[in-house]
Amino acid sequence: MSEHDAIAGLILGYAERLDAGDLEGVAGLFADATFGPRDGPARRGTEAVLARLREIVILYDGVPRTKHVTTNLVVEVDAAAGTAAARSYFTVFQATPALPLQPIVAGRYHDRFARGPGGWRFTERRVLVDLVGDMSQHVRTR
């Protein structure tokens, strides 16, 4: 598997896990990484990310009833340093008993990675939200 494919697998695996309601799997991707909004507080490590996900993500019979579509992926690898950066777009669709199928949010991911003995891993994910629709069925606000 190429370095690009391994990194793309992490990015797409995030979406797949989240849509499946596997919050533990999502949080596990950030075991030694930071995760958060561009200008807001970032969470670091599995437990902190999992606590935040459990706090805000609304599940319906164990799933958020979303589909994260990730596009426009650009991966830049520094093979000598064992690091990489990626940028991608995301659009999240949702349908619930109270919400017909529709896009609810769109934005960009800015990611950083490091290569270690086990392969590539996230070191940082920053979420940049550009467009917001009806998020009331997806996340709890405070």
Engineer: Hey, what do you get for CD1 (Ile104) to CG (Leu131), rounding to the nearest 0.5 Å?
Structural biologist: 12.5 Å

Engineer: For the side chain of Gln94 and the backbone of Gln137, is there at least one donor-acceptor N/O pair under 3.5 Å apart?
Structural biologist: yes

Engineer: Within this structure, what is the CG-NE2 distance for the pair Leu73 and His4, rounded to the nearest 0.5 Å?
Structural biologist: 5.0 Å

Engineer: Measuring from Arg17:CZ to Leu29:CG, what's the distance to the nearest 0.5 Å?
Structural biologist: 4.5 Å

Engineer: Treating Ile, Leu, Val, Met, Phe, Trp and Tyr as nodes and any side-chain heavy-atom pair under 4.5 angstrom as an edge, say whether Val63 and Tyr14 lie in one connected cluster.
Structural biologist: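 Unlinked, Val63 and Tyr14 end up in two clusters.
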
Engineer: Is Glu24 salt-bridged to Arg54, going by a charged N under 4.0 Å from an acidic O?
Structural biologist: yes

Engineer: Within a strict 4.5 Å, meaning less than it, do heavy atoms of the Ser88 and Asn72 side chains meet?
Structural biologist: no

Engineer: For Asp19 and Arg65, what are the C-alpha separation, side-chain angles and deciding distance, and is it a salt bridge (charged side-chain N to carboxylate O under 4.0 Å, His left out)?
Structural biologist: CA-CA 7 Å; Asp19 291 338; Arg65 298 186 54 99; over 6 Å; no

Engineer: Do the side chains of Val132 and Leu128 join up, straight or via other hydrophobic residues, at under 4.5 Å, putting them in one cluster?
Structural biologist: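 Result: no, two separate clusters.
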
Engineer: What are the two closest heavy atoms between Arg126 and Gly40, and how far apart are they?
Structural biologist: NH1-O, 3.3 Å

Engineer: Flag yes if Leu101 and Val105 sit in one hydrophobic cluster, no otherwise; membership is Ile, Leu, Val, Met, Phe, Trp, Tyr, and two members link when side-chain heavy atoms are under 4.5 Å apart.
Structural biologist: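 No, Leu101 and Val105 fall in different hydrophobic clusters.
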
Engineer: Restricting to non-hydrogen atoms, name the atom on Ala86 and the atom on Ile11 that form the minimum distance, rounded to 0.1 Å.
Structural biologist: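 Taking every non-hydrogen atom into account, CB-CD1, 3.7 Å.
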
Engineer: Please report the shortest heavy-atom distance between Pro64 and Val57, naming the atom on each side.
Structural biologist: CB-CG1, 4.1 Å

Engineer: Please answer: with hydrophobic residues joined when any side-chain heavy atoms are less than 4.5 Å apart, are Val129 and Phe35 in the same cluster?
Structural biologist: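 Yes, it is one cluster - the side chains of Val129 and Phe35 are joined through contacts under 4.5 Å.
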
Engineer: If you count the non-hydrogen atoms of other residues, nucleotides and ligands that lie under 6.0 Å from OH in Tyr89, is the total more than 12?
Structural biologist: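 Check fails, neighbour count at 12 or below.
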
Engineer: Is the closest side-chain heavy-atom distance between Phe90 and Val127 below 4.5 Å?
Structural biologist: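 Yes, at least one pair of side-chain atoms sits under 4.5 Å.
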
Engineer: Under the criterion side chain to side chain contact (heavy atoms under 4.5 Å, CB included), I'd like the reasoning laid out for Leu23 against Leu18: C-alpha separation, chi angles, the key distance, then a yes or no.
Structural biologist: CA-CA 6 Å; Leu23 302 183; Leu18 189 52; 3.8 Å; yes

Engineer: Indicate the ring-plane relationship of Phe30 and Phe122, choosing parallel, tilted or perpendicular according to the 30° and 60° boundaries.
Structural biologist: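 Taking Phe122 first and then Phe30, their aromatic rings sit tilted (interplane angle of 30° to 60°).
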
Engineer: In terms of hydrophobic clustering (I, L, V, M, F, W, Y; side-chain heavy atoms under 4.5 Å; direct or indirect links), are Leu50 and Ile56 co-clustered?
Structural biologist: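 Same cluster: Leu50 reaches Ile56 through Ile, Leu, Val, Met, Phe, Trp or Tyr contacts under 4.5 Å.
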
Engineer: If I compare all heavy atoms of Ala42 with all of Thr34, which pair ends up nearest, and what's the gap?
Structural biologist: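 Looks like CB-CB, 4.1 Å.
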
Engineer: List the residues meeting side chain to side chain contact (heavy atoms under 4.5 Å, CB included) with Ile58, not counting sequence neighbours, and say none if there are none.
Structural biologist: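 Ile58 satisfies side chain to side chain contact (heavy atoms under 4.5 Å, CB included) with Tyr60, Arg140 once adjacent residues are dropped.
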
Engineer: Of all heavy-atom pairs between Ala48 and Arg44, which one has the smallest distance, and what is that distance?
Structural biologist: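 Of all heavy-atom pairs spanning Ala48 and Arg44, the closest is CB-O, 3.4 Å.
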
Engineer: Asp130 vs Arg108, test: side chain to side chain contact (heavy atoms under 4.5 Å, CB included). Steps then yes/no.
Structural biologist: CA-CA 7 Å; Asp130 296 321; Arg108 296 164 284 145; 2.9 Å; yes

Engineer: Under 3.5 Å, side-chain donor or acceptor atoms of residues 109-121 against the rest of the protein: list the pairs with distances, not counting sequence neighbours.
Structural biologist:
from: Asp111; atom 1: OD1; to: Arg125; atom 2: NE; distance (Å): 2.7
from: Asp111; atom 1: OD2; to: Arg125; atom 2: NH2; distance (Å): 2.9
from: Arg115; atom 1: NH1; to: Glu3; atom 2: OE2; distance (Å): 2.6
from: Arg115; atom 1: NH2; to: Ala79; atom 2: O; distance (Å): 2.8

Engineer: Around atom CD of Glu16, are there more than 12 heavy atoms from other residues, nucleotides or ligands closer than 6.0 Å?
Structural biologist: no

